[in-house]
2 protein chains.
Amino acid sequence: MNPQFKKGVLELCVLTAVKNKESYGYELVETISKHIKITEGTIYPLLRRLTREGYFETYLKESTEGPPRKYYRLTTKGREFRTALAREWQDLVEGAARLLKG
Amino acid sequence: MNPQFKKGVLELCVLTAVKNKESYGYELVETISKHIKITEGTIYPLLRRLTREGYFETYLKESTEGPPRKYYRLTTKGREFRTALAREWQDLVEGAARLLKG
DNA sequence: CACAGTACCTTGCTAAGCAAGCTACCACAT
DNA sequence: ATGTGGTAGCTTGCTTAGCAAGGTACTGTG
């Protein structure tokens, strides 16, 4: 899969996944990679960036299956951002579809 | 529009536009920007790259409305590449759609 | 104790979009 | 002749995100 295609959409996918269900990083890698080929090296830096930019807040939770998990939760700002991003993505997909239909 | 979203798709759009109709750069900017917001600074370097990589061949044609136009035509290699890219794009859009539906 | 699975993280590279800037041709008006 | 706007091509420098490859550390099982 051309990595260029993914630029930006993953951000939307992560925001949406967390919106639907508060998750930790490793879990997101598993969930998302079922549909789009990605690795940890993509997701972890992305989660940090989105948190730094105020779209996520985090909390730690113990686990019996390994080290503590860092959960991500959407902030209000994150919710608004996600909505705007979803619309932009939709616009692009539709614009491209018109062009590709000929 | 998030510029990251466009990474890669524009390549497919340009290849497809030229496949449907041999065109010159300025014309492609006008055609494509009707559906996706782009500028010359994106298209011209892209056309040069795709030509360098053997997906396009070019020829000049005089114009009464200004300087000569550089037309682009798909090569066989370009045709195959476009088909593969179209499939990858479709896969990504479908993968993202599944994730975004929840 | 070793190993596999879980869970987090970083560094360095690469690629593409694009604002801003440039040159030059043509037609038409001043 | 001078200027202006449309046509047509091009480049430089910046920014950004994906990701391979590497690392740390916890838990339970053989």
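Within every chain, numbering begins at 1; the chains are lettered A, B, ... in the order of the sequence lines, protein sequences first and strands thereafter. On a predicted model such as this, the values are computed, not experimentally measured, just so you know.
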To the nearest 0.5 Å, how far apart are [atom1] in [X] and [atom2] in [Y]?
X: A:Leu15; Y: A:Tyr72; atom1: CG; atom2: OH; result: 12.5 Å
X: B:Glu80; Y: B:Thr83; atom1: CD; atom2: OG1; result: 7.5 Å
X: B:Ile43; Y: B:Ile32; atom1: CD1; atom2: CD1; result: 4.5 Å
X: A:Tyr59; Y: A:Tyr24; atom1: OH; atom2: OH; result: 11.5 Å
X: A:Arg98; Y: B:His35; atom1: CZ; atom2: NE2; result: 4.5 Å

Students should find that the nucleotides of DNA chain C closing off the region near chain A, any atom under 4.0 angstrom from a heavy atom, are C:dT6 to C:dA16

Closest approach of [X] and [Y], non-hydrogen atoms and distance?
X: A:Leu28; Y: A:Ala17; result: CD2-CB, 3.7 Å
X: A:Phe5; Y: B:Leu92; result: O-CD2, 3.3 Å
X: B:Ile36; Y: B:Cys13; result: CD1-SG, 4.0 Å

Sorted by chain and residue number, the salt bridge (charged side-chain N to carboxylate O under 4.0 Å, His left out) partners of A:Lys21 (sequence neighbours excluded) come out as A:Glu27

Of A:Lys70, A:Arg73, A:Arg52, A:Arg79, the residue whose pairing with A:Glu57 passes salt bridge (Lys or Arg N to Asp or Glu O under 4.0 Å):
A:Arg73

Residue pairs involving residues 3-13 of chain B (criterion side chain to side chain donor-acceptor pair (under 3.5 Å); sequence neighbours excluded):
B:Gln4-B:Lys7, B:Glu11-B:Arg49

Quick one, which residues of residues 77-86 of chain A touch DNA chain D with a heavy atom under 4.0 Å?
none

Counting only heavy atoms and a strict 4.0 angstrom limit, can you tell me which residues of residues 42-64 of chain A come near DNA chain C?
A:Tyr44, A:Pro45, A:Arg48, A:Ser63

Can you list, in residue-number order, the parts of residues 10-30 of chain A that come under 4.0 Å of DNA chain C, counting heavy atoms only?
A:Tyr24, A:Gly25, A:Tyr26

Check step by step if side chain to side chain contact (heavy atoms under 4.5 Å, CB included) holds for A:Leu99 and B:Thr16.
CA-CA 8 Å; A:Leu99 277 165; B:Thr16 304; over 6 Å; no

From CZ of B:Arg69 over to P of D:dG9, roughly how many Å is that when rounded to an integer?
8 Å

note: A:Gln4, atom CD; D:dT16, atom C1'; distance rounded to Å ~ 10 Å

Would you classify B:Lys7 as touching base, sugar-phosphate or nothing, given that sugar-phosphate means primed atoms plus P, OP1 and OP2, and contacts are heavy atoms under 4.0 Å?
base

Determine, using the 4.5 Å side-chain heavy-atom cutoff (strictly less than), whether B:Leu60 and B:Tyr26 are members of one ILVMFWY cluster.
no

Using only side-chain N and O atoms of A:Lys37, determine if any of them is under 4.0 Å from OP1 or OP2 of D:dG18.
no

Along DNA chain D (nearest heavy atom to each residue), the more 5'-positioned of B:Gly66 and A:Asn2
B:Gly66

